[in-house]
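The structure appears below as structure tokens.
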Amino acid sequence: SEVMADPSAVADAQGEWFEVYNPTSFTIDLIGMAFEDDDGDGFFVDEPLRIDGGGRAVLAVHADPAVNGGVEADYVYDRADFVLDDDVDSIRIVDGGKLLFAMSYSSSRGSGSGVALSLDPAFHDAASAPYSAYWCASVDAMTGGDLGTPGADNGWCTSVDHDGDGFSEDTGDCADDDAAIGPDAPERWNGLDDDCDGTVDSTTADALAS
């Protein structure tokens with residue numbers, strides 16, 4: 001649900017991390033599961049790593065928040081086995097040979113150095129995660145200075161159309177949780193800015209008639 005492939009506050013060898021989210025209602029133990037990428041890198045989780053339903057676990061290359069950029073790691077893996085490339089890479093979770101999850105990323109997604117790539121919280125599931133449209137750059141500051149929310153809820157992606165009206169916050173939707181409000185919506189006499197033009201309850205004849 002979140003990937004820091006290119007930390008800026010610390011070196012990659014100290015500050016790479018990624019977060020795993022459990023979308024179920026029950027606890028899952030990742031022990032024995034494999035994390036792999038397209039380069040042939042990979043490691044097995046070799047100790048209990050339990051994630052409660054709706055919870056998160058952070059896997060990092062260094063355990064000390066004072067060294068890794070402010071990350072509270074739940075599991076530490078060896079970067080000699082698994083490297084998050086800055087430009088293009090993937091992360092797959094495999095259990096007993098069965099693929100459970102896969103995502104890929106590239107620098108073109110816009111996260112950039114020192115910024116974690118974050119999965120929109122409305123799309124925290126294995127079916128949605130492969131689609132780049134549901135990911136965005138994190139805007140929340142970590143204690144080390146980089147941007148990310150390791151172990152905490154991700155912020156909404158303003159590039160995602162959450163209410164299905166054809167507009168996101170980035171493209172002018174001023175209430176992206178309400179499909180009746182957006183740049184193409186008719187203005188109504190209801191105390192709301194229905195068409196997101198900055199004016200509440202337009203006095204035009206069309207609005208009054210509605």
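Residues: numbered from 1 along the sequence shown. Values below: every heavy atom of this structure, side chains too, minus hydrogens, waters and symmetry copies.
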May I ask whether [X] and [Y] are part of the same hydrophobic cluster, defined by side-chain heavy atoms of I, L, V, M, F, W, Y residues being less than 4.5 angstrom apart, directly or through others?
| X | Y | result |
| --- | --- | --- |
| Val10 | Val76 | no |
| Phe44 | Phe82 | no |
| Phe101 | Phe123 | yes |
| Tyr105 | Tyr131 | yes |
| Leu119 | Trp17 | no |

Reference residue Thr158; test side chain to side chain donor-acceptor pair (under 3.5 Å); the match among Asp173, Asp170, Thr171: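 By the side chain to side chain donor-acceptor pair (under 3.5 Å) criterion, Thr158 pairs with just one of Asp173, Asp170, Thr171: Asp170.
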Which of parallel (below 30°), tilted (30 to 60°) and perpendicular (above 60°) describes Tyr21 and His124?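 Correct class here is perpendicular.
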Are the side chain of [X] and the backbone N or O of [Y] linked by a donor-acceptor pair below 3.5 Å?
| X | Y | answer |
| --- | --- | --- |
| Asp176 | His162 | yes |
| Glu187 | Asp201 | yes |
| Asp37 | Asp41 | yes |
| Asn154 | Ser118 | no |
| Asp161 | Gly164 | yes |
| Arg50 | Ile28 | no |
| Glu19 | Val58 | no |
| Asp52 | Gly55 | no |
| Asn22 | Ile51 | yes |
| Trp156 | Pro121 | no |

What's the spacing between [X] [atom1] and [Y] [atom2] if we round to 0.5 Å?
| X | Y | atom1 | atom2 | value |
| --- | --- | --- | --- | --- |
| Arg92 | Ser104 | CZ | OG | 10.0 Å |
| Cys174 | Asp197 | SG | CG | 8.5 Å |
| Ile93 | Lys98 | CD1 | NZ | 13.0 Å |
| Tyr134 | Cys157 | OH | SG | 11.5 Å |
| Asp163 | Glu169 | CG | CD | 11.0 Å |

Is it true that Asp38 and Ser90 share a donor-acceptor pair across their side chains at a distance under 3.5 Å?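 Looking only at side-chain atoms, Asp38 and Ser90 do form a donor-acceptor pair, the distance falling under 3.5 Å.
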Mind listing the closest non-hydrogen atom pair of [X] and [Y] along with its distance?
| X | Y | answer |
| --- | --- | --- |
| Gly69 | Met142 | O-CE, 3.5 Å |
| Met4 | Gly15 | CG-O, 3.9 Å |
| Glu16 | Tyr77 | O-OH, 4.2 Å |
| Arg56 | Ser1 | NH1-OG, 3.5 Å |
| Asp193 | Ile181 | O-CG2, 3.6 Å |
| Ala9 | Gly144 | CB-O, 3.3 Å |

Begin from the C-alpha positions of Ile91 and Val3 and carry the test side-chain contact (heavy atoms from CB on, under 4.5 Å) through to its verdict. CA-CA 9 Å; Ile91 299 175; Val3 181; 4.0 Å; yes
Are [X] and [Y] side-chain neighbours, meaning at least one heavy-atom pair lies under 4.5 Å?
| X | Y | value |
| --- | --- | --- |
| Tyr75 | Val20 | no |
| Asp12 | Pro7 | yes |
| Asp165 | Asp184 | no |
| Glu36 | Leu99 | no |
| Ser138 | Thr149 | yes |

Could you walk me through whether Leu100 and Met33 satisfy the side-chain contact (heavy atoms from CB on, under 4.5 Å) test, starting with their C-alpha distance in whole Å, then the side-chain angles of each, then the deciding distance to 0.1 Å, before giving a yes or no? CA-CA 10 Å; Leu100 302 182; Met33 295 189 188; 3.9 Å; yes
Test side-chain contact (heavy atoms from CB on, under 4.5 Å) on Leu192 and Asp178; report intermediate values, then the result. CA-CA 12 Å; Leu192 301 172; Asp178 188 341; 5.6 Å; no
Check whether the ring centres of Phe18 and Phe35 lie less than 6.0 Å apart, and answer yes or no.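 Here the rings of Phe35 and Phe18 have centres that are less than 6.0 Å from each other.
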Apply side-chain contact (heavy atoms from CB on, under 4.5 Å) to residues Ser106 and Val88 and explain how you reach the verdict. CA-CA 4 Å; Ser106 70; Val88 179; 3.9 Å; yes
